[in-house]
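I have placed the structure first, in the form of structure tokens, so that the comments after it can refer back to it.
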Protein chains: 2
Amino acid sequence: CGKVMNKVVEFPIKLKKLGQDDPRRVVHSLKVGLAVLLVSLLYYVQPFYNGLGDTTMWAVITVVVVFEFSVGATLGRGLNRILATFLAGALGFGVHHLASISGEIGHPILIGIFVFLLAASVTFIRFFPRMKARFDYGLLIFILTFCLISVSGYREEEILEMAHKRVSTILIGAFTAVFVCIFICPVWAGDDLHNLVANNIEKLGSFLEGFGDEYFKVAGNGESNRAHLQGYTSVLNSKQSEETQANFARWEPRHGKFRYRHPWRHYLKIGNLNQQCAYRIETLNGYLNSEIQTPLNIQSNKVQELCMKMSSESGKALKELAWALKTMTEPCAAASSHITKSRAAANNLTSMFRTSAAAAAGEGGYQVRLQDMVPA
Amino acid sequence: CGKVMNKVVEFPIKLKKLGQDDPRRVVHSLKVGLAVLLVSLLYYVQPFYNGLGDTTMWAVITVVVVFEFSVGATLGRGLNRILATFLAGALGFGVHHLASISGEIGHPILIGIFVFLLAASVTFIRFFPRMKARFDYGLLIFILTFCLISVSGYREEEILEMAHKRVSTILIGAFTAVFVCIFICPVWAGDDLHNLVANNIEKLGSFLEGFGDEYFKVAGNGESNRAHLQGYTSVLNSKQSEETQANFARWEPRHGKFRYRHPWRHYLKIGNLNQQCAYRIETLNGYLNSEIQTPLNIQSNKVQELCMKMSSESGKALKELAWALKTMTEPCAAASSHITKSRAAANNLTSMFRTSAAAAAGEGGYQVRLQDMVPA
């Protein structure tokens, strides 16, 4: 009982946090309410209702089902729904016509065969990764509309009118959703993807910048700083959301700094490199928590200085790149000078170890790992 | 034009591959066709159609929308849809009643306010991660049904009959989908999750087992073996699909070796450890491709032997654990003996390096990394 009470008390707190984390969520909820209200007016205004009758509900359904958080997602679902309804309606009407001229007994059998074949084959096509990414919803609606039109044609006399009404109500619903979504505080999936990728690069840079201090305990203020370094962990698993956002972004029209055919897939490439880099950083991070003490000979001033320089310079370079990406400007000269400095430190370190052959084995590997990161 | 032709020629090949990769996809497609066909019979059988009339289409829609690949997903969507329709139908009817006693002018205004508030607040609740994982579809259907019932109540006289018909057709549709899904070649999300996690452990084990040979070029047969080691890469990104499968699995009834409340979230914990291990393996894998040659002093027989033992024994231990998980038996003694051997090799290596202080730095780190892996 106390547990339930706890949950009841926590609920408003959680609600508030959810809204504060991203205020666009509150706006989105109000937008959905508004769109549903707008489309409900169809019921209240007599001329509309006279024209559409019962099928008005398809407009309401369409708004609820199509309205998504970002413009890209809403447009994608809306276009999928409209196109699929139109195509499947036409096909369903054709099949109904074909079946109806084949006699009393032939009619239901022929329609049954068509429904089975179409439902099975389109369901199979939904397994295609490419189809799934962009047209999954459309394929579902295609099956649905085809079955509705062709099967209910067996009973309904005015099948053409039914198909026509269904298409027009869905058009009304989809346009209402898209209109409200675009013209009231729009959330662009493209912007989100852009910021996500740029922020990820920055997080990686922050880690590398702070890693040296933390590893050699220069700052010496312990845990507080270490927690700050852990920002990179979110990069490890951002692949999925990057791909989703990129798929949505492709549907979006020109907005802000983005053209219609902005090269979204390049963000995925950068995202991939970010991930590769994050895997290596995850390993580096393991050294912070390992119980093995840094041996004395590595704490010699020269090696420490080079290692710290290598790490912090590559971190600064990443931050410069993140900034350039964020502002969509050419990476400034500072970025490449940081990279040059980091490379120089790495090369110095290598030659130092080459001369003292004994230590070469382990540290050689260590250095390679950091060098790997620089091009990312 | 040649490009289009290419795509047309490739299409059947891709289709065939899609089916061969997982023949359950073909079966699933046929099952969907069958379920849609079954529910279409409602139109053909006179007594059913007399009772349900136009609303028969809700049964068809429900089958198409609810039928998913795995039993868990289908059950989850079906229950979500039934519960949400029932609750929203009741609430919509209540609101309609409340509004209808408030007079000609008050009626549409009151309904408008309710629709707006409910749509906005439920949309906001959909942002809760927990709600999203299990009840996202139900919340959507809740908004949809509530709007349909309360708004169309303004026009429709027999709103109670409409609500009743909607609930019963959705029940018929959902039961048809679940029935076909469970009783004809069922695909259990729980089984898939179980196998995915066990296979991932095995892949990690295979890498560690083969890594030593590959790194020290013992086998010497080059590329072919290296490609074989890359199986672990799929583990890096399996988090998302593990979580989805676990959410589906929770809906599933007792089947095979799994109880109703099988501890699915433990698979997520193991999956997490698998990922941690895969990150470290990704780094180890980097050494295979690095241009830095293994220095001579590390190729000394003793060090090489210990390193190879450490890696291969921990790989064998992981494979034993994978086998135990797969067959749901207690891990046999072999697993712990492999771990002991691997630990012993690691300790030997450490003490060897402690005595030769110069080399301690790098290899110490190297050994820690492998030791980290053993408990996973």
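Keep in mind that the numbers below use all heavy atoms, side chains included, and drop hydrogens, waters and symmetry copies. In what follows, chains are A, B, ... by sequence order, proteins preceding strands, each numbered from 1.
- Of the residues considered (T56(A), L236(A), V39(A)), L236(A) shows the highest number of contacts with chain B, using heavy-atom pairs under 4.5 Å.
- Ranking R126(B), M57(B), K31(B), Q276(B) against chain A, the residue ahead of the rest is M57(B), based on heavy-atom pairs under 4.5 Å.
- With hydrogens and angles ignored, the 3.5 Å screen pairs no side-chain donor or acceptor of T145(A) with any backbone N or O of F142(A).
- Looking at I141(B), neither its backbone nor its side chain comes within 4.5 Å of chain A, counting heavy atoms on both sides.
- Interface residue V26(A): backbone and side-chain heavy atoms are both found under 4.5 Å from chain B.
- Nearest heavy atoms, A177(A) versus V66(A): CB-CG1, 4.1 Å.
- Between Q275(B) and N237(A), the side chains place a donor N or O and an acceptor N or O closer than 3.5 Å (distance only, hydrogens not considered).
- Heavy-atom pairs under 4.5 Å with chain A were tallied for R25(B), Q240(B), K14(B); the largest tally goes to R25(B).
- With a threshold of 4.5 angstrom between heavy atoms, L41(A) does not approach chain B through any atom at all.
- Contact of F128(B) with chain A is made through backbone and side chain together, with heavy-atom distances under 4.5 Å.
- Side-chain atoms of S29(B) and T123(A) form no donor-acceptor pair, as typed in the model, at a separation below 3.5 Å.
- When V115(B), I61(B), D22(B) are compared by the number of non-hydrogen pairs under 4.5 Å with chain A, I61(B) comes out ahead.
- Nearest heavy-atom pair across V65(B) and R77(B) is O-NE, 3.0 Å.
- To the nearest 0.5 Å, atoms CG (L148(A)) and CD1 (I143(A)) are separated by 12.0 Å.
- Checked by atom type, the side-chain pair E242(A)/N272(A) shows no donor-acceptor distance below 3.5 Å.
- Put simply, of F69(A), F67(A), Y279(A), the one with the most heavy-atom pairs under 4.5 Å next to chain B is Y279(A).
- Contacts of L15(B) with chain A are made by both backbone and side-chain atoms, with heavy-atom separations under 4.5 Å.
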